[in-house]
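Only heavy atoms go into these numbers, but all of them, side chains included; no hydrogens, no water, no symmetry mates. Residues: numbered from 1 along the sequence shown.
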Amino acid sequence: MAPLPGGGWLMAGEAYGTTLTGASWTSEDGGTTWTPVPVGGPLALVTPYGSGTLGVGQAGSWWYDGTTWQRRGTFGDANGWRFLSLSAAALPAAAVDSGLGVVTAAAGTACRMWTSRDGGASWQEAAMPVSLPVTAETVAATAVNGDTVLLATDDGTQARLWLASAA
């Protein structure tokens with residue numbers, strides 16, 4: 001769930017049926033009523049980004065402009081990934097395609113991290129400061145402030161904080 005830049009809320013997720021599809025809804029009255037907004041792929045996480053909302057999931061990244069979802073970039077084969085965190089730098093409302101976005105996911109046997117500076121149109125894999133096994137207890141959460149990334153990790157036995165500049 002994410003606040004919408006003009007007020008209200010956006011909720012997004014994955015709808016399970018015969019295939020995994022995306023689902024999202026908006027509310028402009030504090031959550032009393034919800035309006036469905038079609039999205040072309042499953043979304044695991046959403047975050048405010050510039051004048052809209054950035055979403056990520058197994059089908060890649062998506063941009064919500066307040067009316068419709070637009071497909072952006074991909075992470076390669078993300079089938080089966082468990083997305084752990086998505087964060088983006090606070091941006092002026094006019095800055096749609098700039099600023100830093102960071103996503104982490106449990107993929108294969110280890111956690112991975114990607115960054116984007118173009119609103120999710122392209123993603124570059126970034127090195128994790130520590131190898132994290134993929135378990136039910138694995139945590140790799142991020143927060144972004146300008147070009148600084150705070151990464152909180154927990155492998156089930158040890159929690160750590162990492163601070164780095166992505167400049």
Side-chain angles (χ1 to χ4, degrees), residues 1-107 111-126 138-152 166-167:
M1 183 179 287
L4 292 170
W9 296 97
L10 171 75
M11 182 180 300
E14 302 164 336
Y16 295 90
T18 55
T19 60
L20 184 63
T21 61
S24 71
W25 303 264
T26 59
S27 176
E28 296 183 13
D29 62 7
T32 301
T33 58
W34 292 88
T35 303
V37 180
V39 60
L43 294 173
L45 302 169
V46 292
T47 192
Y49 190 80
S51 62
T53 304
L54 181 63
V56 296
Q58 291 185 8
S61 57
W62 299 80
W63 173 259
Y64 181 68
D65 63 8
T67 305
T68 60
W69 285 101
Q70 303 157 17
R71 181 152 174 106
R72 299 295 270 202
T74 65
F75 303 97
D77 180 12
N79 191 26
W81 290 6
R82 180 171 49 108
F83 285 84
L84 302 172
S85 74
L86 170 65
S87 55
L91 300 171
V96 174
D97 288 334
S98 62
L100 179 64
V102 179
V103 64
T104 60
C111 288
R112 296 167 67 181
M113 181 168 51
W114 295 266
T115 62
S116 175
R117 290 195 175 273
D118 57 10
S122 62
W123 294 91
Q124 295 74 42
E125 189 162 0
T138 301
V139 173
T142 60
V144 178
N145 185 3
D147 281 336
T148 302
V149 178
L150 176 64
L151 171 66

(request) Kindly indicate, with the supporting measurements, whether the criterion side chain to side chain contact (heavy atoms under 4.5 Å, CB included) is fulfilled by Trp114 and Val56. (result) CA-CA 11 Å; Trp114 295 266; Val56 296; over 6 Å; no

Spatial distance of atom [atom1] ([X]) from atom [atom2] ([Y]) [nearest 0.5 Å]:
{"X": "Met113", "Y": "Leu84", "atom1": "CE", "atom2": "CG", "value": "11.5 Å"}
{"X": "Thr74", "Y": "Trp123", "atom1": "OG1", "atom2": "CH2", "value": "11.0 Å"}
{"X": "Ser85", "Y": "Leu151", "atom1": "OG", "atom2": "CG", "value": "7.5 Å"}
{"X": "Tyr49", "Y": "Thr53", "atom1": "OH", "atom2": "OG1", "value": "12.5 Å"}
{"X": "Thr104", "Y": "Leu86", "atom1": "OG1", "atom2": "CG", "value": "8.5 Å"}

Whether [X] side chain and [Y] backbone form a donor-acceptor pair below 3.5 Å:
{"X": "Ser61", "Y": "Arg72", "value": "no"}
{"X": "Arg112", "Y": "Glu125", "value": "no"}
{"X": "Arg71", "Y": "Gly60", "value": "no"}

Taking every non-hydrogen atom, the tightest pair across [X] and [Y]:
{"X": "Trp81", "Y": "Ala105", "result": "CE3-CB, 4.2 Å"}
{"X": "Tyr64", "Y": "Gly66", "result": "OH-O, 3.1 Å"}
{"X": "Ser116", "Y": "Ser122", "result": "OG-O, 2.9 Å"}
{"X": "Leu54", "Y": "Gly119", "result": "CD1-O, 3.4 Å"}

(message) Please enumerate all residues that pass salt bridge (Lys or Arg N to Asp or Glu O under 4.0 Å) together with Glu28, with sequence neighbours excluded.
(response) none

Using distance only, find each side-chain donor-acceptor pair of residues 30-47 under 3.5 Å and give its atom names and separation, not counting sequence neighbours.
unit_1, atom_1, unit_2, atom_2, d
Thr33, OG1, Asp29, OD2, 2.6
Trp34, NE1, Gly31, O, 3.0

For residues 1-13, please give each side-chain donor-acceptor pair under 3.5 Å, one per line with the distance, not counting sequence neighbours.
none

